[in-house]
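Only one structure is covered here, and it is reproduced in the block below.
A, B, ... follow the sequence lines: proteins, then strands. Residue 1 opens every chain.
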Number of protein chains: 2
Amino acid sequence: MSVGIRDVARAAGVSTATVSRALGRGPVSDALREQVEAAVRATGYRPNLSARRLRSQSTQTIGLIVADIRNPFFTAVSRAVEDAAYQAGMRVILCNTDEDPTREAMYLRLMQEERVTGVIFAPTRATAKELRAAEIDFPVVFIDRAGPPGAHDSVVLDNAAAAAALVDHLVEQGFRRIGGLFGSTSSTAQERRAGYEAAMARHGLAPAGRAVLPNAAAAEAEATRWLGEPGRPEALVLSNGLILMGALRAARARALPVPGALALAGFDNEPWTDLVDPGLTVIEQPVAEIGAQAMRLLFDRLKAPDQPVRKVVLSGRPVLRGSTRRASPGPDRA
Amino acid sequence: MSVGIRDVARAAGVSTATVSRALGRGPVSDALREQVEAAVRATGYRPNLSARRLRSQSTQTIGLIVADIRNPFFTAVSRAVEDAAYQAGMRVILCNTDEDPTREAMYLRLMQEERVTGVIFAPTRATAKELRAAEIDFPVVFIDRAGPPGAHDSVVLDNAAAAAALVDHLVEQGFRRIGGLFGSTSSTAQERRAGYEAAMARHGLAPAGRAVLPNAAAAEAEATRWLGEPGRPEALVLSNGLILMGALRAARARALPVPGALALAGFDNEPWTDLVDPGLTVIEQPVAEIGAQAMRLLFDRLKAPDQPVRKVVLSGRPVLRGSTRRASPGPDRA
DNA sequence: GTGGCCACTGAAAACGTTTTCAGTATTTGT
DNA sequence: ACAAATACTGAAAACGTTTTCAGTGGCCAC
């Protein structure tokens, strides 16, 4: 049926071992190597990767486990990861957890069965906390979100600083009643909330943070509710692109002019954020860099399994747009 | 080192064959099945999928080859495909071709080596044309784009009708000098262009279509150039979401009010298209349905390899928004 | 009581490679 | 010129499963 290495060996008049070596990097004379290559062309041979993986005990496969590939942040990161992986001759298995710890556990088990070389993982807080390196047979690099210090390599944003930068900017623009809407499932959202609260405190303002499921629908619902309450915030900090979108929809639904009645500042410099009117002030994350760094951490870990755990912290870049423009001429400098 | 089926067999006091059957669906007595399950728990056994695939000659893996996962259309489709695949106990290998036939060929070869069960593929025109079923060992379902009739199963939009609907709408709104910007690499963009030209002809209008690489940057550059020319169009039809975004940026760059000086109508009802001002008129594609249908076609084909080739044609849903609102009070009804 | 069937089980082969091991021919060192 | 190292090669083992094949024992029908 399918042509195997035996057929190539027969066609080339050599042993299967020689064919294997000619295709790999074993020592083979130039003459035989050419014979083998000719035989490969003649037979149309394609190696069977399942067999190769089994015998060589090296799957050349990495798992990429994220919340939802439809979140543009993860889309971009995944593209970067895949590019790096294919370039290194590895495959990627992509899994969407929808922020569900049960599915996370299921996919981690699947990764075990796949005998993956390593995993890049954006875990929920629940899983990040309990995932001990001892339970799994492959290195894990946390991405976007970190676990307890020292457990796994990770590449994250300086979330607290980024959130604080947004608050500082809002305060500087004259806003005072600044609320925050943060994802409920990730450590990253928590850090952003902490950064927000610290900055508010530093300015002598009362923080008002709320947690929502990190998707646009939940964020819109919560924001719409909030904006209907008395004493509603005059500015909002939103902990990711989906929540930012939800908040913008809520402002539209409540017919609140931005930034006149409500200023918005969020995360993720998605392509549409400068197309809306006004443009949205956001923290731009270095998405490609995050993916590439994660792969680098993973490769380094594979090369040196016992080196100390590393945490790469990248900085966000504030992109200031109209959604946070000064509310009033800002007189209260005294 | 790692615990294998032999260890489980030893722990359970049975043969490896019995373990395999107990875990699969072979006939095993209840007593032994329980022993095996206990042994699995005790040893922490996880089957090795590489070995399983090799022996069973069934990889339970499908390839998904698209232009770029960062195109929201493909993002959404891929999520649907992956959900269906995992639900059926299959893995997905995702590949980005960037519309490059060389990369397409490379990934198709990779799919051969993976011995995938099937492939879902959004090919460039070049590859779609030359990909004969004889050359490959697995069924292929074309998605979003079709090849020559009868070669492969496919699920596509009724592109010509959708593009014509946009033209009809624009004409009805009083626009006459309607241009079109279409992707240069896919059969789908070509069909949309054909639909556009047919509709223009039907209305007695002169078509003015141009082709660009289907990405936002290229589209913006071309549109900006076009809008600077004398006799520039007063409306544009854009063949996908990226090109639509590029055109909107071009309008902004040229400071042309939409729809006052330029109406825009495009494809892909992405979340941001109703957040910009004015909202963008688009054809909404049933993205989840496309992914699900592709999987269904693939499974059907696997069950009945010799059934006639099928082509599923889905309809787009026009979503009319402000970007195509009547230019003038539309007096010329006579 | 015996033949036949059924339900279950284990030994061993098989999947398609890579890798080990042992060997041969050739080259190098002295 | 000879020992030793080097460069290459093939036979066979190994990777961890599933599947085939050949039972074994129990049960039923006669």
Side-chain angles (χ1 to χ4, degrees), chain A residues 1-37 39-40 43-61 89 91 110-117 137, chain B residues 1-37 39-40 43-61 89 91 109-117 137-138:
Chain A
M1 187 100 293
S2 171
V3 29
I5 202 175
R6 311 181 69 102
D7 304 288
V8 178
R10 199 171 311 124
V14 300
S15 71
T16 61
T18 297
V19 175
S20 174
R21 283 189 277 250
L23 267 42
R25 51 191 170 81
V28 181
S29 68
D30 291 349
L32 284 197
R33 168 165 277 122
E34 269 179 42
Q35 281 180 45
V36 169
E37 283 167 359
V40 166
T43 57
Y45 167 73
R46 285 292 137 206
N48 181 318
L49 292 185
S50 294
R52 193 202 293 268
R53 291 189 178 115
L54 171 59
R55 171 61 233 216
S56 66
Q57 297 289 77
S58 153
T59 60
Q60 300 288 78
T61 300
R91 321 276 156 269
L110 173 62
M111 295 300 112
Q112 301 261 28
E113 303 189 351
E114 291 280 0
R115 303 292 194 271
V116 292
T117 304
D137 307 319
Chain B
M1 189 98 290
S2 171
V3 28
I5 204 175
R6 311 182 70 102
D7 304 288
V8 178
R10 201 171 309 124
V14 299
S15 72
T16 61
T18 297
V19 175
S20 175
R21 283 189 277 250
L23 268 42
R25 50 190 172 83
V28 181
S29 68
D30 291 350
L32 284 197
R33 167 164 277 123
E34 268 180 40
Q35 281 182 47
V36 169
E37 283 166 0
V40 165
T43 56
Y45 167 73
R46 284 293 137 205
N48 181 320
L49 292 185
S50 293
R52 194 203 292 273
R53 290 188 179 117
L54 172 58
R55 171 61 232 214
S56 66
Q57 297 289 75
S58 153
T59 59
Q60 301 288 79
T61 299
R91 320 278 156 268
R109 206 175 49 210
L110 174 62
M111 295 300 112
Q112 300 262 27
E113 303 189 350
E114 291 280 1
R115 302 293 193 271
V116 292
T117 304
D137 308 319
F138 43 76

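Counting to the nearest Å, the C1' atom of dC15(C) and the CZ atom of Arg46(A) are 20 Å from each other. Atom CZ in Arg6(A) sits about 10 Å away from atom P in dT17(C), given to the nearest Å. One can place CZ of Arg53(B) at 15 Å from P of dT19(D), the figure rounded to the nearest angstrom. In this structure, Asn48(B) atom CG and dG16(D) atom C1' are separated by 6 Å, rounded to whole Å. The distance from atom CG of Leu23(B) to atom P of dT18(D) is 7 Å, rounded to the nearest whole Å. Going from atom CG of Leu54(B) over to atom C1' of dC15(D) covers 9 Å, rounded to whole Å. Atom CD in Glu113(B) sits about 20 Å away from atom P in dC15(C), given to the nearest Å. Atom CD of Glu34(A) is separated from atom P of dT9(D) by 13 Å (rounded to the nearest Å).
Between Ser20(B) and the phosphate of dT19(D), there is no side-chain N or O to OP1/OP2 separation shorter than 4.0 Å. Note on Gln57(B): a side-chain N or O is less than 4.0 Å away from OP1 or OP2 of dG16(C).
Comparing Pro27(B) and Arg52(A), the nucleotide of DNA chain C nearest to each residue sits closer to the 5' end for Pro27(B).
Under the 4.5 Å side-chain criterion, counting only non-hydrogen atoms from C-beta, Arg91(B) is not in contact with Arg91(A). With contacts defined as side-chain heavy-atom distances shorter than 4.5 Å, the pair Thr59(B)/Leu49(A) does not qualify.
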Just distance, no hydrogens or angles: give the donor-acceptor pairs under 3.5 Å from side chains in residues 29-37 of chain A, sequence neighbours left out.
{"residue": "Ser29(A)", "atom": "OG", "partner": "Leu32(A)", "partner atom": "N", "Å": "3.4"}

Distance-only donor-acceptor pairs under 3.5 Å for side chains of residues 3-11 of chain A, two or more places apart:
{"residue": "Asp7(A)", "atom": "OD2", "partner": "Gly4(A)", "partner atom": "N", "Å": "2.7"}

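Here the closest heavy-atom approach between residue Pro47(B) and residue Arg115(A) is recorded as O-NH1, 3.3 Å. Considering every non-hydrogen atom in both Thr117(B) and Phe138(B), the closest pair reads O-CB, 4.0 Å. Nearest heavy-atom pair across Arg21(B) and Pro27(B) is CD-CD, 4.1 Å.
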Practice problem: Would you sketch DNA chain D in dot-bracket for me? Only Watson-Crick or G-U wobble pairs with both distances under 3.5 Å count, crossing pairs as [ ], other-strand pairs as |, the rest as dots. | Solution: ||||||||||||||||||||||||||||||
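The listed nucleotides are dT17(C), dT9(D), dT19(C); the one nearest the side chain of Ala51(A) is dT17(C).
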Expected rows: protein N/O vs nucleotides 10-14 of chain D N/O, under 3.5 Å:
{"residue": "dG10(D)", "atom": "OP2", "partner": "Ser15(A)", "partner atom": "N", "Å": "3.2"}
{"residue": "dG10(D)", "atom": "OP2", "partner": "Ser15(A)", "partner atom": "OG", "Å": "3.3"}
{"residue": "dG10(D)", "atom": "OP2", "partner": "Thr18(A)", "partner atom": "OG1", "Å": "2.4"}
{"residue": "dG10(D)", "atom": "N7", "partner": "Arg21(A)", "partner atom": "NH2", "Å": "2.7"}
{"residue": "dG10(D)", "atom": "O6", "partner": "Arg21(A)", "partner atom": "NH1", "Å": "3.3"}
{"residue": "dG10(D)", "atom": "O6", "partner": "Arg21(A)", "partner atom": "NH2", "Å": "3.3"}
{"residue": "dA14(D)", "atom": "N3", "partner": "Arg55(A)", "partner atom": "NH1", "Å": "2.7"}

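In this structure Glu113(B) satisfies the side chain to side chain donor-acceptor pair (under 3.5 Å) test together with Arg46(A), sequence neighbours excluded. Residues passing the side chain to side chain donor-acceptor pair (under 3.5 Å) test with Thr61(B), sequence neighbours excluded: none.
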